[in-house]
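Have a look at the structure below before the remarks.
None of these values were measured; they are calculated from a predicted model. In what follows, chains carry the letters A, B, and so on, assigned in the order in which the sequence lines appear, proteins first and then strands, with residues in each chain numbered from 1.
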Protein chains: 2
Amino acid sequence: MATELIGQRMTSQRKLLLEIIRDAGGHLDADELFQKAKGRDPRISLSTIYRNLNLLKELDLVAERHFVEDHHHYELKDTAEHHHLVCRSCGEVFEFNSPLTPKMTKDVEETSQFQITDIEINMQGYCPNCPRDMHQESSI
Amino acid sequence: MATELIGQRMTSQRKLLLEIIRDAGGHLDADELFQKAKGRDPRISLSTIYRNLNLLKELDLVAERHFVEDHHHYELKDTAEHHHLVCRSCGEVFEFNSPLTPKMTKDVEETSQFQITDIEINMQGYCPNCPRDMHQESSI
DNA sequence: GTATTTATTGCGAATGCTTTGCATAAGCAA
DNA sequence: TTGCTTATGCAAAGCATTCGCAATAAATAC
């Protein structure tokens, strides 16, 4: 990974955050990143984390993931592509990826005329330990 | 659509929300639903909207979508499946669906042993009117 | 139809994540 | 090293969403 920013300054906080994201390797949320960062630089602030995450996102260096929960998770953009399947009952996260996504992306690019930069697949369901409750059949 | 709830009461507010979601046909957020509901029942409150959206979600009657933004959108579960592609520059939303999703879902069910109830695909990119800014090449 | 039970509502306050304003600190170019 | 300007830390603000509670109204039993 390169170590220079163009137009921006490479501050110690920025460098630290980048290292943490890279080393953690996978969907941490802002607060988890903040806690880890504080371990190495106790004076760092949560706003700095957010500001830098937004910058890295704009630069396409990190991806912001929105799965089930109502806050975001971040991971390096060049991490091997993978998607998420979350259990609706216990919250367990299963990661997967599918050989079908490149073709799907290509198809969608053709029909939409968009230039696609990012694909996120979130599935939900019930994990093997949380069988679906069958009598919860709704009937509105 | 049926009109009875088991274990729950079919209140006028509940009925109204359901009608609004059905008639709107597609990803409104809680506040948009609230505004429309207020048009027909000025005394309805936003908490009621949220409480009922959560109920309908549990009953699998509506799907909660998390796209780019940091709030949620809701749509009827039995709407024809479709996914979303959002322009990173102007925000335009393109809806698509792909013949590959059933196979992908099946594959993932097999490897994960989960019982999948929901699949959400969010793509991002640049629409034909917002070509990607090429000199924004990052170099951290 | 009336009374009873209990889910649901509306309101306001609270929560949790994220952003912002501002004064201070610190990169970076000359 | 100086000077310009971006970035930081802190505290406060902003939003979306949830919660507590007294009042209301469905559903059920009489």
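- When the P atom of dT17(D) is taken as reference, atom NE2 of H66(A) falls 13 Å away, rounded to whole Å.
- Nucleotide dT17(D) holds its C1' atom 16 Å from the CD atom of E32(B), rounded to whole Å.
- OP1 or OP2 of dT17(D) sits under 4.0 Å from a side-chain N or O of H72(B).
- For the pair I44(B) CD1 and dT8(C) P, the interatomic distance rounds to 14 Å; values are reported in whole Å.
- Rounded to whole Å, atom C1' of dC19(D) lies 8 Å from atom CZ of R51(B).
- Checked by atom type and distance alone, the side chain of E75(A) never pairs as donor or acceptor with a backbone atom of E64(A) at under 3.5 Å.
- The side chain of R43(A) sits closest to dC10(D) out of dT8(C), dC10(D), dT17(D).
- One can place CD of E58(B) at 11 Å from P of dT18(D), the figure rounded to the nearest angstrom.
- Here the shortest heavy-atom pairing between D29(A) and H72(A) reads CB-O, 3.1 Å.
- Interatomic distance, I116(B) CD1 to L85(A) CG, rounded to the nearest 0.5 Å: 5.0 Å.
- Side-chain contact annotation: E95(B) with H27(B), donor-acceptor N/O pair under 3.5 Å present.
- Atom CG of D41(A) is separated from atom P of dA25(C) by 15 Å (rounded to the nearest Å).
- Distance, I49(A) CD1 to dC17(C) P: 15 Å, rounded to whole Å.
- Contacts of N52(A) with the nucleic acid, taken as non-hydrogen atoms under 4.0 Å apart, involve only primed sugar atoms and P, OP1 or OP2.
- The side chain of Q13(B) approaches dT9(C) more closely than any other nucleotide in the set dA11(D), dT9(C), dT8(D).
- In the set dA7(D), dG10(C), dT18(D), the nucleotide with an atom closest to the side chain of N54(B) is dT18(D).
- When the nucleotides dT8(C), dT17(D), dA11(D) are ranked by their closest atom to the side chain of S47(A), dA11(D) comes out on top.
- Mapped onto DNA chain D by nearest heavy atom, T48(A) and D29(B) fall at different nucleotides, with T48(A) at the one closer to the 5' end.
- D118(B) and R65(B) are joined by a salt bridge, as a carboxylate oxygen and a charged side-chain nitrogen come within less than 4.0 angstrom of each other.
- Using a 3.5 Å distance cut-off with no hydrogens or angles, the side chains of E120(B) and H84(B) do not pair a donor with an acceptor.
- When the nearest nucleotides of DNA chain D are assigned to Y50(B) and S12(B) by heavy-atom distance, the more 5′-ward of the two goes with Y50(B).
- Of the side-chain N and O atoms in T11(B), none sit less than 4.0 angstrom from OP1 or OP2 of dA7(C).
- The side chain of M10(A) lies closest to dC28(C), out of dT8(C), dG21(C), dC28(C).
- For R9(A), the side-chain atoms get nearest to dG27(C) when compared with the rest of dG27(C), dT18(D), dT6(C).
- No N or O donor and acceptor, one from the side chain of R14(A) and one from the base of dG27(C), sit under 3.5 Å apart.
- Here L46(A) lies in heavy-atom contact (under 4.0 Å) with a base.
- Rounded to a whole Å, the CD atom of Q8(A) is 11 Å from the C1' atom of dA7(D).
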